[in-house]
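Report on one structure; see the data block that follows.
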Amino acid sequence: MSLVINSLRSHFFKHLLCTSTAAAAASTATALIFGHRTRGLVGQSRFSDSVFFFSERYKLLSQLASKTATFSTSRSSSSLETLPTDSYTSPYLSVTIRCQKNVADMLSEALLCFGANSTSIDEHDDSEVGDEICISSIFSVSQDVKESISLAVDSIGLKEIPSYDVVMHDHTDWIKESQESFHPVEVIEGIWIVPEWRKPPDLQATNIILNPGLAFGTGDHPTTKLCLMLLYDVIKGGEVFLDYGTGSGILAIAAIKFGAAFSAGLDIDPQAITAAQHNAALNNIQPEKLFLSLVPSTGSATFTHEIVSKPTDRQHLNDKGVFTETEKFHVVIANILLNPLLDLADQIVSHAKPGATVGLSGIISEQVPRIIQRYSPFLEDIKVSKMDDWACLAGFKKINLG
Amino acid sequence: MSTLKEILTRRPVAATIRLTVPAGGARPAPPVGPALGQYRLNLMAFCKDFNVRTQKYKPDTPMAVIITAFKDNTFEFTVRSPSVTWYLKKAAGLEKGSGRPGHVMASSLTLKHVYEIAKVKQQDPYCQYMPLESICKSIIGTANSMGIKVQKELD
């Protein structure tokens with residue numbers, strides 16, 4: 001128990017010490033914590049004193065953490081560090097509740113209504129004896145676990161609150177677990193996508209080394225495969241390629257490997273741009289061949305100074321920083337979602353040269369008619385390729401557009 | 001009633017996970033990340049699949065999703081529309097329901113609102129075979145328990 005508290009305390013103070021303006025807050029924080037601790041131990045409750053103490057501390061921690069967070073974001077609004085990584089550095093709470101089997105479903109639904117981020121029930125083997133089942137639930141650090149559980153239990157009519165444990169986890173645990181599930185995959189004959197931490201099975205083939213991080217695009221999704229196959233057919237050598245919604249940068253990097261002269265990747269998620277830049281370096285692609293930029297989620301494609309820092313990259317942007325490469329690309333592929341594809345149709349097509357190939361994906365078969373209807377003023381000779389329930393459209397931009 | 005073939009090919013279930021995710025906004029971050037990551041499920045595939053299937057809802061409506069994770073690290077999921085109480089609160093412009101339902105009315109809605117909510121609810125996998133009238137009746141019952149009055153027309 002004390003180990004967890006110690007790690008809590010050290011993590012909390014590490015967070016405080018990172019921001020210089022929070023030095024003053026640190027002294028007040030320690031005073032508050034010590035004052036609160038004595039109150040917690042004296043107070044009485046139905047559960048063990050440690051649990052009560054724990055939940056009080058979490059509330060306090062979260063209040064102080066949010067205050068320091070506001071300090072840091074206001075001070076350093078122009079630096080790269082404040083891009084939204086806070087949700088990954090703050091820990092989360094995992095609560096394990098033991099209750100009767102017949103109320104497990106209702107209790108987990110009720111927990112979701114009263115503040116849990118998620119609940120999961122492990123399937124029991126039939127060989128297990130007893131009536132009890134464990135619900136593991138995830139709360140954010142700022143939640144009052146005790147109150148949420150008591151409200152949930154009240155709402156379904158249970159007389160007494162079941163026993164539960166609270167453990168604090170770091171985000172690196174599940175990130176590591178999910179990385180375990182990436183394996184090298186052969187998308188097309190002779191083309192492999194290999195995660196950074198594994199060895200390529202075939203060293204002679206074209207290997208694209210990826211660390212997707214927290215961005216889309218590992219190579220095993222059907223839409224990624226469909227887009228890669230389209231790219232493989234279309235790129236003959238020397239083309240200029242635009243990847244709208246680049247995610248991990250997989251399509252832009254693949255285009256360079258297939259022989260394109262230049263690739264550009266745009267995305268609305270700063271995490272994606274960071275991951276794509278990292279992957280470009282992993283594959284030894286020079287910055288002159290690959291340009292990556294952040295676009296805001298609405299409006300025209302302007303950029304933010306923080307991401308694009310090299311002077312060579314500025315050539316694609318005018319004085320106001322607008323990505324003005326209209327009618328410059330031989331191939332444009334957008335692998336996003338239905339609604340962005342519909343909203344940004346004009347923009348996506350404006351970047352393509354007349355007669356260029358435009359590819360659209362990230363849609364399921366039932367959404368295809370709407371895309372065709374939206375894009376038929378711009379594209380001709382539209383072909384649809386499918387894999388599982390996913391579809392990819394490819395067409396040529398009309399030569400004579402008004 | 002499952003067919004014999006379904007029973008024979010049913011994969012062993014590892015866990016049932018319940019989540020609330022905004023429509024079109026699934027990312028490999030909390031709440032999705034920790035919950036699914038510990039069962040080694042493919043987060044990207046779930047996020048992409050979920051986002052595509054919730055495109056028809058207004059962005060950021062909180063959808064309830066139930067994921068069945070199998071022991072071989074594959075998964076299936078069903079998406080349900082938000083709870084009736086959420087729709088009612090949104091339609092009436094409330095933050096919370098009334099503290100004393102039955103005695104203190106928090107707000108009022110028309111039958112037209114109830115009908116619109118019932119139409120959305122009917123698209124849920126579990127409500128498709130219920131007549132619209134009974135869905136409306138249950139929505140009116142929920143509204144009464146929250147302290148929201150349902151009138152024919154707003155005065």
Side-chain angles (χ1 to χ4, degrees), chain A residues 84 87-88 90 92 94 104-105 108-109 111-113 116-123 125 135-140 169 171 173-182 212-218 220-224 247-248 269 271 335-342 362-364 367 389-390, chain B residues 11-21 23-60 62-75 80 82-86 145:
Chain A
S87 54
Y88 302 117
S90 62
Y92 63 94
S94 169
D105 276 337
S108 44
E109 295 270 338
L111 278 168
L112 276 182
C113 293
N117 279 344
S118 69
T119 60
S120 49
I121 304 177
D122 282 340
E123 274 304 304
D125 298 322
I135 304 178
S136 44
S137 179
I138 295 184
F139 287 80
S140 58
H169 283 301
H171 283 292
D173 303 335
W174 63 265
I175 293 180
K176 251 194 231 124
E177 296 257 352
S178 61
Q179 281 180 346
E180 292 280 306
S181 56
F182 294 145
L214 293 148
F216 288 126
T218 54
D220 40 62
H221 199 264
T223 53
T224 320
S248 59
D269 184 7
Q271 293 266 336
N335 184 4
I336 27 186
L337 291 167
L338 173 72
N339 288 339
L341 279 177
L342 296 174
I363 44 183
I364 43 180
Q367 296 169 340
D389 196 24
W390 300 90
Chain B
R11 293 167 285 182
V13 179
T16 311
I17 309 170
R18 286 188 171 81
L19 283 180
T20 311
V21 193
R27 301 251 173 292
V32 178
L36 269 67
Q38 55 177 316
Y39 296 103
R40 310 238 174 132
L41 301 177
N42 194 339
L43 289 173
M44 297 304 159
F46 170 72
C47 291
K48 190 104 185 188
D49 218 341
F50 174 81
N51 286 338
V52 166
R53 289 186 202 285
T54 52
Q55 285 290 293
K56 56 184 171 209
Y57 291 98
K58 220 166 160 195
D60 290 335
M63 318 289 296
V65 55
I66 301 183
I67 304 161
T68 314
F70 299 103
K71 291 218 165 90
D72 54 354
N73 294 345
T74 53
F75 62 89
R80 280 190 338 216
S83 61
V84 174
T85 49
W86 186 84
S145 75

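What you are looking at is a predicted structure, and each value in this text was computed from that prediction instead of being measured. To find a chain, count down the sequence lines: A is the first, B the second, and so on, and within it residues start at 1.
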With only heavy atoms counted, which part of [X] is less than 4.5 Å from chain B, the side chain, the backbone, both or neither?
X: D105(A); answer: both
X: L341(A); answer: neither
X: I138(A); answer: side chain
X: S94(A); answer: neither

Atom [atom1] in [X], atom [atom2] in [Y]: separation rounded to 0.5 Å?
X: K48(B); Y: H221(A); atom1: NZ; atom2: NE2; result: 6.0 Å
X: S118(A); Y: R18(B); atom1: OG; atom2: CZ; result: 11.5 Å
X: I121(A); Y: I17(B); atom1: CD1; atom2: CD1; result: 10.5 Å
X: Y39(B); Y: D122(A); atom1: OH; atom2: CG; result: 3.5 Å
X: N117(A); Y: L19(B); atom1: CG; atom2: CG; result: 8.5 Å

Heavy-atom check, side chain of V52(B) versus side chain of L337(A), under 4.5 Å: yes
Greatest number of heavy atom pairs closer than 4.5 Å to chain B - which of L111(A), T119(A), I364(A): T119(A)
Q55(B) side chain to Q367(A) backbone, donor-acceptor under 3.5 Å: no
Selection from V32(B), D49(B), I66(B) maximising heavy-atom pairs under 4.5 Å formed with chain A: D49(B)
Largest heavy-atom contact set with chain A, pairs under 4.5 Å, which of A15(B), P34(B), A35(B), A45(B): P34(B)
Heavy-atom proximity to chain A below 4.5 Å, by part of I67(B): neither
